[in-house]
Number of protein chains: 2
Amino acid sequence: MTPSGASAQQPPSRRIAEDLRRQIETGTLRSGAKLPSERKLAEQYGAARNTAREAVRLLAEQGLVTAKHGSGVFVRTPQRLFRFGSDRYSLKNRETGLTPFRLEAKRQGKVARIEVPSIERERPPADVAERLGVPADDESVVHRENHYFADDEPVQIVSTYLRWDEAQGTLLMQRKTGKDGIYGRLQDLGHVMTRVRDEISARMPTPEEAAVLELLPGVPVLEVLHTSLDQDGVPFEVSRYVHRADQTGLLYELPVEQED
Amino acid sequence: MTPSGASAQQPPSRRIAEDLRRQIETGTLRSGAKLPSERKLAEQYGAARNTAREAVRLLAEQGLVTAKHGSGVFVRTPQRLFRFGSDRYSLKNRETGLTPFRLEAKRQGKVARIEVPSIERERPPADVAERLGVPADDESVVHRENHYFADDEPVQIVSTYLRWDEAQGTLLMQRKTGKDGIYGRLQDLGHVMTRVRDEISARMPTPEEAAVLELLPGVPVLEVLHTSLDQDGVPFEVSRYVHRADQTGLLYELPVEQED
DNA sequence: TCTAGCAACTGGCTCAAGCCAGATGCTTGA
DNA sequence: TCAAGCATCTGGCTTGAGCCAGTTGCTAGA
């Protein structure tokens, strides 16, 4: 009999992957369920182990499934998203004395932890230099790298860039930046955050990012290039946020400009 | 000699991938350049073809290279991003008579084309029902599916959901919706877009999305769940945007709430 | 001069076999 | 009773072989 349907002329690995995908989507294989082992799948479908393995890899690439060395392959449980709202920059939130991340974590009932692996004077990346209005061929910025954890799970990597001439010799060069964090110190310097510009993109993580964020295959990252502008429209801080996309989302709520 | 450094105890496929990655990042392999063939790589590194192949796959997963059947593997050229600014909702732009997408395309010197594969009455997905304030167990919405192209390249898939009781019998059920598009008709119905809520996440595409958007392996999608609120704070339209992340970015510019 | 067709490249996919390493639970000896 | 250790699961990774299907450019014949 000639096989019919869309799955007919597909290679075996795809056919197996499609079959499993359907089982996951229809609930035959529930969230958290264990798939048959690679060897069993191969036997069931009359294919080589490598072919079954390839099918599993395809599913993992789509983020549907995750393999655990030694124990099996499991249907991934959708994680509740850790949402970063656009009001995280709101000055009203300063009153709480919490930084935006701690605030967001608290709101979602998680324990926040922040590591500061490095604070160094550096030459800025081209995109940062452009937005901060500093020379790219000069050690014109201070780069603060932060790693953020919620309930001990790594959630995001943040690289903050500040003008060296402003940060030099201030608390901005220290791990502990005092009340209201770096934004408090920047306000002391006369910068009131008045507008923000967030440029958002998505991509696959670099191997380093995957390691820090403990990312499984098939999980992309959200990158936000954030610029803070003060009351005079001067950019005074640029940060690059790298979020794991399987646990993080962004939320922007904004008014629509009316016609006159 | 015992091999030293981080690459020492790594499996061969990773070692090869790392090596190629370094060559790409240092410019030894420039953008658009052709990598050695799988068979040549295998020979160079003294590995099996499958191992070299696995290394190439790792790079493709990271979005660094792209394979062309029959001709070779090439270093991917970073595409200029098609940015969707938050002012795309601005009512001022209505004056141009262009829909947000056409406007954005024109701004970037590209030719926009929009296909409308289907307009149907449906039961809304749970997340849409919740945001639009309609029952999820009823055919309470009209679903308009649109595919957007820029210079004939597919850029985004948009699913727009409107209340069935409002759309029934109006131009909202037609392909041609008249002046100012659906937002014009919704305004006729008394809904002035006053606030928007965009929920952003990133993930790997489904096979269907990958097909429509002609996505190469290693390219994630940006998903925006958009809600339009009118002058009374009533949600009157929900859209799900699925953007290809290799050519698309989002831009949000917004004022920061001040403390009193 | 042109073109049809072929050879020799490319990646796509599979197979069958093997060794390694993590996880797990049973068994056996203290 | 308890714990050490081992058998036997699991996925991780490699090998080397083979066939298929796009692509490309040369070559021979009209």
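What's counted below: heavy atoms across the whole structure, side chains too, no hydrogens, waters or symmetry copies. Within every chain, numbering begins at 1; the chains are lettered A, B, ... in the order of the sequence lines, protein sequences first and strands thereafter.
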Going by the rule salt bridge (Lys or Arg N to Asp or Glu O under 4.0 Å), which residues pair with [X] if we only count those two or more places apart in sequence or in a different chain?
X: B/Arg57; answer: A/Glu61, B/Glu54, B/Glu61
X: B/Asp151; answer: none
X: A/Arg244; answer: A/Asp246

Scan for salt bridge (charged side-chain N to carboxylate O under 4.0 Å, His left out) pairs involving [range], sequence neighbours excluded, and state none if there are none.
range: residues 211-227 of chain B; value: B/Arg203-B/Glu223, B/Glu223-B/Arg240
range: residues 39-49 of chain A; value: A/Glu38-A/Arg49
range: residues 23-35 of chain B; value: B/Arg21-B/Glu25

Distance-only check: which donor-acceptor pairs under 3.5 Å involve side-chain atoms of residues 112-119 of chain A, not counting sequence neighbours?
from, atom 1, to, atom 2, distance (Å)
A/Arg113, NE, A/Asp152, OD1, 3.0
A/Arg113, NH1, A/Glu115, OE2, 2.9
A/Arg113, NH2, A/Asp152, OD1, 3.1

To the nearest Å, give me how far apart [atom1] ([X]) and [atom2] ([N]) are.
X: A/Leu58; N: C/dT14; atom1: CG; atom2: C1'; answer: 14 Å
X: A/Arg53; N: C/dG12; atom1: CZ; atom2: C1'; answer: 18 Å
X: A/Glu54; N: C/dC15; atom1: CD; atom2: C1'; answer: 13 Å

- prompt: Just the endpoints, please: which first and last nucleotides of DNA chain D, 5' to 3', lie under 4.0 Å from a heavy atom of chain A?
  reply: D/dT10 to D/dT15

task: Name all residues meeting the ring pair (Phe, Tyr, Trp, His ring centres under 6.0 Å) criterion together with B/Tyr252; count only those two or more places apart in sequence or in a different chain, and write none if there are none.
output: A/Tyr252

message: I'd like to check the side chain to side chain donor-acceptor pair (under 3.5 Å) partners of A/Glu122; sequence neighbours left out, ordered by chain and number.
response: A/His143

query: So what does A/Arg14 touch, heavy atoms closer than 4.0 Å: a base, only the sugar-phosphate, or nothing?
result: sugar-phosphate

message: Which residues in residues 42-51 of chain B have a heavy atom closer than 4.0 Å to any atom of DNA chain C?
response: B/Arg49, B/Asn50

For nucleotides 7-10 of chain C, tabulate all protein N/O to nucleotide N/O atom pairs closer than 3.5 Å, reporting atom names and distance.
from, atom 1, to, atom 2, distance (Å)
C/dT10, OP1, B/Ser37, OG, 3.1

query: Relative to each other, are the rings of B/Phe84 and B/Phe101 parallel, tilted or perpendicular (30° and 60° limits)?
result: parallel

